[in-house]
Amino acid sequence: MDIFLDSKIISDKKLSPNAIAAYTALRMIQNLNTNKYYVNIKLLVFQLTDNIIISRKYTERLSDGLNELIIKEYIEVATNNADKDYVLDISNLIIDNHSDSSKDKTFFVVIESDEIHKIMNLDSRLDKFSVLRYFMCMLSTVNYSATYYDVMGKEYYNFVGFMTNDYIGSLCGVTSYTTYDKYNHLLEDNELIYIFRHSVMLRDEKGQLKNLPNHYGRFKDKELIIGYAVNRENFELGEDAVDKRANESRSLMQKYYCMVKYGTEYPKKEVRRIYRYVHYRNQQNEKNYKQAIEKGYSGEEFLDKIVPEDIFYKYEYLFVKDSSVPGNINTGNIVSNDNWGEPVSMEHNFSVEEILDMPTKGEVQMNLPLANTDCVGHNDLCKNESHGEYNHGLFGVTGKDLDCIDIDDLY
């Protein structure tokens, strides 16, 4: 069953998630021909969960939410008793768009009852009332006019959104990136939503790089979302698009050289990312060097790319054994953070597989300004005085003193 919800109500920050859940349950039992309903809290819980096993926590929160709607006059009590049984007039909740006047039209979002039941029964410690509201607010931002044509020429619309995560969070009072990142991944893991994360960045008229907002929608529309987002990358952005992974690898190497030359300190999470990239980049070049030697070549081009890792030795947390995987180095949880457009400042942690695919010499376009290297007062980066004498691990040679050079010489 499709549930029609008033977008203004679900995004009313004066209402708590408890009230929004109670509102949703009331809309699930409402029809156009009845104004007054006999309601008790157990009935509302059943509407949301499709389960007769009643959680005391749910009943208490829905009771609070219902009282909130009554106090704020969204609904009216006709009769009630001490057992929390009510006769309620919920006629104010009816969505009636039959008026010819556009100013009287109500913007609404359609939620399936199965989606509500699935969210309210998720096996998660996250607040499911808040997750439900977040999910509804996200779907309320789906762009009705965005269209996509498949190979047969069939038209699709009302399936994809591309607002920033900050904006979606603002609709339901979620201001913490950590919180809505958890909500996103919970909903993704349970195949309620699909998020397309762009692999490119966009250069604006000032030459600055900006993240493209993610494209998102219901999981069942995954292929449509991918098709729409890929079309946008391929046919609309053109030369203004810059590969995000290439830009990310360049940024990590810049930060590595800042650590070596200027002693720049970064937060633990960032040090892990820098170390992870540098270490696997070195491993890849060591592997390529060995293969070149076996084929009778000098392999010097790979040897020159290997950089010393002794700068990381003081960070003991990088080398703590992970007890769950014998012999593995614990480099921290690899969390894939989302890029939801310019208002949200976020960064992406790469998996080992992605790191091994990252570009090295000749694959990164070095035509970007160096102003944002996180080295205050320095726009140059550093390398060994003697070309070719960076070394690491397999070769047992450490780097010499460092001088500042142009970024183009790093790869």
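Sequential numbering from 1 along the given sequence is applied to the chain's residues.
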Asker: Indicate yes or no for a side-chain donor-acceptor contact from Asn40 to the backbone of Leu43 under 3.5 Å, with no hydrogens or angles considered.
Answerer: yes

Asker: Below 4.5 Å, heavy atoms only, C-beta onward: do Tyr317 and Arg272 meet side chain to side chain?
Answerer: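 Sidechains of Arg272 and Tyr317: in contact.
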
Asker: Using a 4.5 Å cut-off on heavy atoms from C-beta on, say whether the side chain of Val142 contacts that of Val160.
Answerer: no

Asker: Just do the salt bridge (Lys or Arg N to Asp or Glu O under 4.0 Å) check on Lys14 and Glu68 with the steps written out, would you?
Answerer: CA-CA 10 Å; Lys14 295 180 180 179; Glu68 194 176 335; over 6 Å; no

Asker: Are any of the side-chain nitrogens in Glu309 or Arg276 under 4.0 Å away from the carboxylate oxygens of its partner?
Answerer: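 Here Glu309 does not pair with Arg276 in a salt bridge, since their nearest N and O are not under 4.0 Å apart.
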
Asker: Centroid-to-centroid, Tyr275 to Phe319, below 6.0 Å?
Answerer: yes

Asker: Angle class for the Tyr180/Tyr134 ring planes (parallel below 30°, perpendicular above 60°, tilted otherwise)?
Answerer: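 Rings of Tyr180 and Tyr134: parallel, as their planes differ by under 30°.
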
Asker: Tyr289 and Ser298: which non-hydrogen atoms are nearest, and at how many Å?
Answerer: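 Nearest heavy atoms, Tyr289 then Ser298: CE1-O, 3.4 Å.
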
Asker: Heavy atoms, side chains only, cut-off 4.5 Å: are Ile168 and Tyr216 in contact?
Answerer: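 Yes, close enough: below the 4.5 Å cut-off.
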
Asker: Is Arg218 positioned over the aromatic face of Phe159, cation under 6.0 angstrom from the ring centre and no more than 45 degrees off axis?
Answerer: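 No, Arg218 does not lie over the aromatic ring of Phe159.
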
Asker: Between Arg27 and Gln30, do the side chains contain a donor N or O and an acceptor N or O under 3.5 Å apart?
Answerer: yes

Asker: Would you call Glu60-Arg56 a salt bridge at under 4.0 Å N-O?
Answerer: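 Salt bridge present between Glu60 and Arg56.
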
Asker: Does Glu73 have more than 12 heavy atoms from other residues, nucleotides or ligands lying within 6.0 Å of its CD?
Answerer: no

Asker: Could you report the tightest heavy-atom contact between Met136 and Leu5, atom names first, then the distance?
Answerer: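 The answer is SD-CD1, 3.0 Å.
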
Asker: Check whether any side-chain N or O of Lys305 sits under 3.5 Å from a backbone N or O of Arg281 as a donor-acceptor pair, and report yes or no.
Answerer: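 Looks like no, no N/O pair under 3.5 Å.
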
Asker: With a cut-off of 6.0 Å (strictly less than), are more than 12 heavy atoms of other residues, nucleotides or ligands near OH of Tyr297?
Answerer: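 Counting other residues, nucleotides and ligands, OH of Tyr297 stays at 12 neighbours or fewer.
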
Asker: Using 30° and 60° as the class boundaries, would you call the ring planes of His215 and Phe162 parallel, tilted or perpendicular?
Answerer: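 Rings of His215 and Phe162: tilted, 30 to 60°.
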
Asker: Please assess Phe196 against Asn214 for the test side chain to side chain contact (heavy atoms under 4.5 Å, CB included), listing each intermediate value before the final yes or no.
Answerer: CA-CA 6 Å; Phe196 182 93; Asn214 292 336; over 6 Å; no

Asker: So with a 6.0 Å cut-off around NZ of Lys42, is the heavy-atom count from everything else above 12?
Answerer: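 No - once you tally the heavy atoms of other residues, nucleotides and ligands closer than 6.0 Å, there are 12 at most.
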
Asker: Could you pull out the closest heavy-atom pair between Met28 and Ile116, with the gap in Å?
Answerer: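 What the structure gives for the nearest pair is SD-CD1, 3.9 Å.
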
Asker: Do any N or O atoms from the side chain of Lys13 and from the backbone of Ser170 form a donor-acceptor pair under 3.5 angstrom?
Answerer: yes

Asker: Roughly how far, to the nearest 0.5 Å, is CG of Asn231 from OH of Tyr149?
Answerer: 12.0 Å

Asker: Before giving the answer on side chain to side chain contact (heavy atoms under 4.5 Å, CB included), spell out for Leu132 and Ile20 the whole-Å C-alpha distance, their side-chain angles and the decisive distance to 0.1 Å.
Answerer: CA-CA 9 Å; Leu132 176 63; Ile20 299 303; over 6 Å; no

Asker: For the CE atom of Met163 and the CE atom of Met138, what is their distance to the nearest 0.5 Å?
Answerer: 12.0 Å

Asker: Kindly say whether the aromatic ring centers of Tyr183 and Phe135 come within a distance under 6.0 Å.
Answerer: no

Asker: Quick one: does Thr59's side chain get under 4.5 Å of Leu44's, heavy atoms only?
Answerer: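 Not touching, per the 4.5 Å side-chain cut-off.
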
Asker: I'd like to know if the side chain of Asp181 and the backbone of Tyr177 have a donor-acceptor N/O pair within less than 3.5 Å.
Answerer: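 Answer holds: no.
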
Asker: Taking the side chain as every heavy atom from C-beta outward, state whether Ile75 and Leu66 have any pair of such atoms under 4.5 Å apart.
Answerer: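 Side chain of Ile75 against side chain of Leu66, heavy atoms only: contact under 4.5 Å found.
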
Asker: Does any non-hydrogen side-chain atom of Lys128 lie less than 4.5 Å from one of Tyr58?
Answerer: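 Heavy-atom side-chain distance check passes, below 4.5 Å.
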
Asker: Any chance you could measure His279, atom NE2, to Phe312, atom CZ, to the nearest 0.5 Å?
Answerer: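 Taking NE2 in His279 and CZ in Phe312, the distance rounds to 10.5 Å.
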
Asker: Determine, using ring centers only, whether Tyr157 and Tyr144 are less than 6.0 Å apart.
Answerer: yes

Asker: Is a donor on one side and an acceptor on the other found under 3.5 Å between the side chain of Ser113 and the backbone of Met1?
Answerer: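 A pair under 3.5 Å: yes.
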
Asker: Looking at Glu265 and Lys314, is there a salt bridge between them, counting it only when a charged N and a carboxylate O are closer than 4.0 Å?
Answerer: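 Judged by the 4.0 Å cut-off on N to carboxylate O distance, Lys314 and Glu265 do form a salt bridge.
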
Asker: Please determine whether the number of non-hydrogen atoms from other residues, nucleotides or ligands lying under 6.0 Å from atom NZ of Lys72 exceeds 12.
Answerer: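 Atom NZ in Lys72 is crowded, with more than 12 foreign heavy atoms closer than 6.0 Å.
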
Asker: Go through the side-chain N and O atoms of Asn165 and Asn184 and say whether any donor and acceptor fall under 3.5 Å apart.
Answerer: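 Present: a donor and an acceptor within the cut-off.
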
Asker: Considering only heavy atoms from C-beta outward, does the side chain of Asn18 approach that of Leu62 to under 4.5 Å?
Answerer: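 A side-chain contact under 4.5 Å is absent here.
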
Asker: How long is the span from the CG atom in Asp189 to the CZ atom in Phe219, to the nearest 0.5 Å?
Answerer: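 Going from CG on Asp189 over to CZ on Phe219, the span is 10.5 Å.
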
Asker: For Leu171 versus Ser140, what's the shortest heavy-atom pair and its separation?
Answerer: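 So the two residues come closest at CD1-OG, 4.0 Å.
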
Asker: For residues Thr24 and Ile3, report the shortest heavy-atom separation together with the two atoms involved.
Answerer: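 Scanning both residues completely, I find the closest heavy atoms to be O-CG2, 4.5 Å.
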
Asker: Checking side-chain hydrogen bond (donor to acceptor under 3.5 Å, both in side chains) for the pair Asn143/Ser145: CA distance, chi angles, key distance, verdict?
Answerer: CA-CA 6 Å; Asn143 191 301; Ser145 62; 2.7 Å; yes

Asker: Quick one: does Val260's side chain get under 4.5 Å of Val307's, heavy atoms only?
Answerer: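 Contact flag for Val260/Val307 side chains = no.
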
Asker: Minimum heavy-atom separation for Arg133 and Ser16, please, with both atom names.
Answerer: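 Nearest pair, atom of Arg133 first, then Ser16: NH1-C, 3.6 Å.
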
Asker: Answer yes or no: is there an ion pair linking Arg61 with Asp127, defined by an N-O contact shorter than 4.0 Å?
Answerer: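 Yes, this pair counts.
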
Asker: Out of curiosity, Tyr257 OH to Thr264 OG1, how far, rounded to the nearest 0.5 Å?
Answerer: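 OG1 of Thr264 is found 14.0 Å from OH of Tyr257.
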
Asker: Checking His117 against Asn121: is there a side-chain donor and acceptor pair closer than 3.5 Å?
Answerer: no

Asker: Is it the case that Asp6 and Tyr74 place a side-chain donor and acceptor less than 3.5 Å from each other?
Answerer: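 Looking only at side-chain atoms, Tyr74 and Asp6 do not form any donor-acceptor pair under 3.5 Å.
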
Asker: Report the distance from atom CG of Leu192 to atom CD of Glu115, rounding to the nearest 0.5 Å.
Answerer: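 Spacing of CG (Leu192) from CD (Glu115) equals 6.5 Å.
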
Asker: Could you verify whether a donor N or O on one side chain and an acceptor N or O on the other, from Tyr228 and Thr147, lie under 3.5 Å apart?
Answerer: no

Asker: If we ignore angles and hydrogens, is there a donor and acceptor under 3.5 Å between the side chains of Asn158 and Tyr156?
Answerer: no

